[in-house]
2 protein chains.
Amino acid sequence: MAATTIKDVAREAKVSVASVSRAMNGGSGVTAETSLRIRQAAERLQYIPHAAARMLITRRTRTVGALLPDLYGEFFSELIRGIDLAARAHGLHLLVSSSHDGVEEAAAAVRSMQGRVDGLLILSERVDAAFLRANLPRDLPVVLLNSPVRNSGHAVLNVDNRGGAFAMVRHLIQAGHRNIAFISGPAGNFDSRQRLKGYRAAMARYAPDAPLTVLDGDFIEESGYRAGLQLAAMTPRPTAVFAANDMMAVGCLAAFKEAGLRVPEDIAVAGFDDIPIARYVNPPLTTVRVRIVDLGRSALEQLAELLQRPEPSSASAQTLGCEIVVRDSCGASVT
Amino acid sequence: MAATTIKDVAREAKVSVASVSRAMNGGSGVTAETSLRIRQAAERLQYIPHAAARMLITRRTRTVGALLPDLYGEFFSELIRGIDLAARAHGLHLLVSSSHDGVEEAAAAVRSMQGRVDGLLILSERVDAAFLRANLPRDLPVVLLNSPVRNSGHAVLNVDNRGGAFAMVRHLIQAGHRNIAFISGPAGNFDSRQRLKGYRAAMARYAPDAPLTVLDGDFIEESGYRAGLQLAAMTPRPTAVFAANDMMAVGCLAAFKEAGLRVPEDIAVAGFDDIPIARYVNPPLTTVRVRIVDLGRSALEQLAELLQRPEPSSASAQTLGCEIVVRDSCGASVT
DNA sequence: AGTTTGCATGAAAACGTTTACGTTGGCGCC
DNA sequence: GGCGCCAACGTAAACGTTTTCATGCAAACT
């Protein structure tokens with residue numbers, strides 16, 4: 001049972017394939033009545049245009065690719081949701097490639113997407129300017145998410161990690177804390193570095209004499225848990241800890257619980273991301289909210305824009321704001 | 001700058017396009033030396049075969065589609081990870097379509113994927129046998145995840161929800177509980193119903209005289225929270241509560257905390273799914289572990305199998321086992 | 001040595017669509 | 001009434017590949 005093609009429809013409607021094509025797209029160049037007849041014939045035969053044939057001649061796939069790192073938890077799903085939502089609204093398909101460890105694997109991923117997508121959404125620590133130059137055709141629209149890359153000719157969309165972290169630390173200091181520890185994310189990670197910068201900047205600005213304590217983490221709960229155990233054993237113990245993401249903050253809470261520390265009385269805890277579960281942990285987590293769905297959505301919107309306009313040459317760089325969400329874990333009630 | 005085509009490579013290597021094609025795929029039918037020469041020429045010109053042209057003639061896209069519901073949190077990301085991992089291993093691309101509310105939207109999604117994919121992975125409550133008949137070509141390989149559909153000619157891969165729930169309730173009963181409440185998922189959800197059945201069956205079997213308490217939930221934390229408040233106010237209060245998923249169990253914990261109930265001393269709590277965060281909530285959550293990554297992986301493996309063999313006509317139905325993970329929230333230490 | 005076999009290679013058709021171009025016919029204008 | 005023009009429609013080329021078939025050539029067999 002061969003699928004019905006445009007020829008079948010043409011025969012059924014007693015017109016040429018050209019007219020069928022015209023009637024199916026836009027419909028200009030055909031009478032309203034023939035157009036109707038054609039569409040009815042198409043309906044009757046359950047005609048679905050062959051995507052590949054269309055791509056071949058049109059040189060457009062109506063598909064965008066998303067290159068994502070090995071992301072865990074809520075962040076990933078929220079991001080995809082945002083992207084997918086916007087993609088659907090634009091009639092675009094979404095080709096996903098996630099969890100590639102090495103830079104070589106990422107390169108293979110973008111190469112294999114070559115020609116299957118009209119544009120690319122890239123969120124990956126490993127991707128830098130050199131990578132882009134080496135692996136991407138100059139004319140492929142690309143939007144970079146949370147990337148340090150600048151002036152590469154590609155659009156960039158960042159979260160205001162630095163600003164969010166800065167605001168959170170300022171909040172903690174204003175709440176009376178001085179000895180504030182920071183649990184960092186992976187060393188190579190851009191978000192992580194920006195959040196660390198925000199922490200440093202706010203400390204320097206509002207509590208210049210206070211000690212800086214930075215513990216290594218990697219965005220996974222486990223590492224937050226380990227950092228928490230370390231913190232619990234310190235003397236003097238910091239009165240507050242700011243984790244570079246919520247996952248680690250949650251791990252940290254577990255460690256404190258185990259160590260017999262009360263939160264926020266003995267030590268305040270703050271996170272970053274406001275993953276949905278943040279308000280259900282015990283105590284509810286003070287954190288910096290990032291509208292992840294919006295991040296995905298705007299990224300795709302921007303890409304869709306690029307697909308339409310032939311690239312305004314000056315690559316835009318947008319930043320998405322964050323807001324502080326105060327809950328019990330940093331002793332809001334005490335303030 | 002027109003992309004380099006197979007013709008360019010042919011000219012560069014001084015052979016015909018046919019030989020280039022042969023050299024690039026398999027390489028049978030060409031001398032080792034000419035094959036090498038061709039591949040070098042291709043390398044030199046940075047030749048990447050035009051995917052659409054290949055699809056057109058081959059009638060295969062090397063792409064599979066994943067139709068997913070509006071999934072939240074860890075489950076979604078883990079599932080995608082598993083699917084993506086396996087897809088990469090098989091050299092398949094992954095076209096994702098998630099978060100469609102209505103059945104009509106889902107239908108539109110599968111229709112629009114028509115011809116862009118070789119097979120489909122479907123996880124959606126709204127999809128039943130009628131839907132499949134109406135919207136899918138008879139010969140498109142499909143694997144259904146967690147679907148009640150049977151004998152539709154499609155492969156089905158389910159989680160042993162009933163068995164997992166049964167085992168958990170048995171465990172609670174063996175730990176001395178009798179009055180065990182259950183927080184259900186969405187009424188129409190297949191997993192939810194199966195888990196409820198497991199609860200009922202275990203209660204009937206091991207504690208036939210105990211009261212059955214079923215509270216309505218919808219898999220979201222919020223609903224677990226509400227159910228928790230209800231439970232806290234009951235007299236007599238159940239001594240254990242089994243939530244149909246971890247999210248709701250977490251919401252429940254928050255409610256108990258707020259109501260001043262101690263877990264597990266005053267009331268034991270168990271969940272389902274073992275989302276990564278389950279072990280970091282307070283107290284760590286006893287739950288039923290579902291290897292979600294494996295679920296995604298096996299689903300894709302099965303689909304890939306279908307793509308190879310021309311469908312053995314008898315649609316297989318597999319079930320993926322669960323295991324109980326005992327943590328503090330159900331008073332394991334007491335036992 | 002002649003015939004057959006087999007293998008490397010090339011020529012060309014085919015996949016299903018869009019679109020540039022040509023053809024037709026009707027209509028208005030002089 | 002003839003001319004030109006425009007809209008509707010058809011014809012055919014083009015997109016880049018794979019694959020069938022034909023061709024040539026060398027080795028192997030009789």
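In what follows, every chain begins at residue 1, and chains take the letters A, B, ... in the order their sequences are listed.
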Item to complete: Look at the side chain of A:Asn158 and the backbone N and O of A:Ser147, then say whether any donor-acceptor pair between them is shorter than 3.5 Å.
Response: yes
Worksheet entry | Donor-acceptor contact below 3.5 Å, side chain A:Thr58 vs main chain A:Arg60 | no
Worksheet, complete the sentence: note: A:Leu36, atom CG; D:dC9, atom P; distance rounded to Å ~ 13 Å
Discussion item. So, OP1 or OP2 of C:dT9: does either fall under 4.0 Å of a side-chain N or O from B:Thr31?
Written reply: yes
Item to complete: Could you tell me the separation between the CE atom of B:Met24 and the C1' atom of D:dG16, rounded to a whole number of Å?
Response: 13 Å
Worksheet item: Can you find a heavy atom in the side chain of A:Gln194 that is under 4.5 Å from one in the side chain of A:Pro148?
Response: no
Tabulate protein N/O versus nucleotide N/O from nucleotides 23-27 of chain D, keeping only pairs under 3.5 Å, one per line.
none

Practice prompt. Five pairs at each end of the helix from C:dA1-D:dT30 to C:dC30-D:dG1: take the axis at both ends and give me the angle between them to 10°.
Written response: 50°
Item to complete: Assess the side chains of A:Asp118 and A:Thr61: does a donor N or O sit below 3.5 Å from an acceptor N or O?
Response: yes
Worksheet item: Is a side-chain N or O of A:Arg193 found less than 3.5 angstrom from the main chain of A:Gly188, in a donor-acceptor match?
Response: yes
Worksheet item: To the nearest Å, how far apart are A:Ile6 CD1 and C:dT18 C1'?
Response: 8 Å
Item to complete: Consider only side-chain N and O atoms of B:Gln302 and B:Ser316, and report whether a donor and an acceptor are under 3.5 Å apart.
Response: yes
Discussion item. Check the phosphate of C:dT17 against A:Thr58, side-chain N and O only, distance under 4.0 Å to OP1 or OP2. Yes or no?
Written reply: no
Worksheet entry | Rounded distance (Å) that lies between atom P of C:dG10 and atom NZ of B:Lys14 | 12 Å
Worksheet entry | Test item: A:Asn146 side-chain N/O and A:Val159 main-chain N/O as donor-acceptor pair under 3.5 Å | yes
Worksheet item: Does the side chain of A:Arg81 come under 3.5 Å of the side chain of A:Ser77 through a donor N or O and an acceptor N or O?
Response: no
Worksheet item: Nearest-Å distance, CD1 (B:Ile38) to P (C:dG10)?
Response: 8 Å
Item to complete: Mind calculating the distance between CZ (B:Arg37) and P (C:dA8) to the nearest angstrom?
Response: 14 Å
Discussion item. From CZ of B:Arg54 over to C1' of D:dT19, roughly how many Å is that when rounded to an integer?
Written reply: 14 Å
Worksheet item: So, A:Asp128 side chain and A:Val149 main chain: donor-acceptor pair closer than 3.5 Å or not?
Response: no
Item to complete: Would you indicate, yes or no, if C:dT19 has its OP1 or OP2 atom less than 4.0 angstrom from a side-chain nitrogen or oxygen of A:Ser21?
Response: no
Worksheet item: So with a 6.0 Å cut-off around CD of B:Glu105, is the heavy-atom count from everything else above 12?
Response: yes
Item to complete: Using whole Å, report how far CE of B:Met55 lies from C1' of D:dT18.
Response: 15 Å
Protein and nucleotides 11-15 of chain D: nitrogen or oxygen contacts under 3.5 angstrom:
residue: D:dC15; atom: O3'; partner: A:Arg59; partner atom: NH1; Å: 3.1

Item to complete: Look at the side chain of B:Arg297 and the backbone N and O of B:Ala86, then say whether any donor-acceptor pair between them is shorter than 3.5 Å.
Response: no
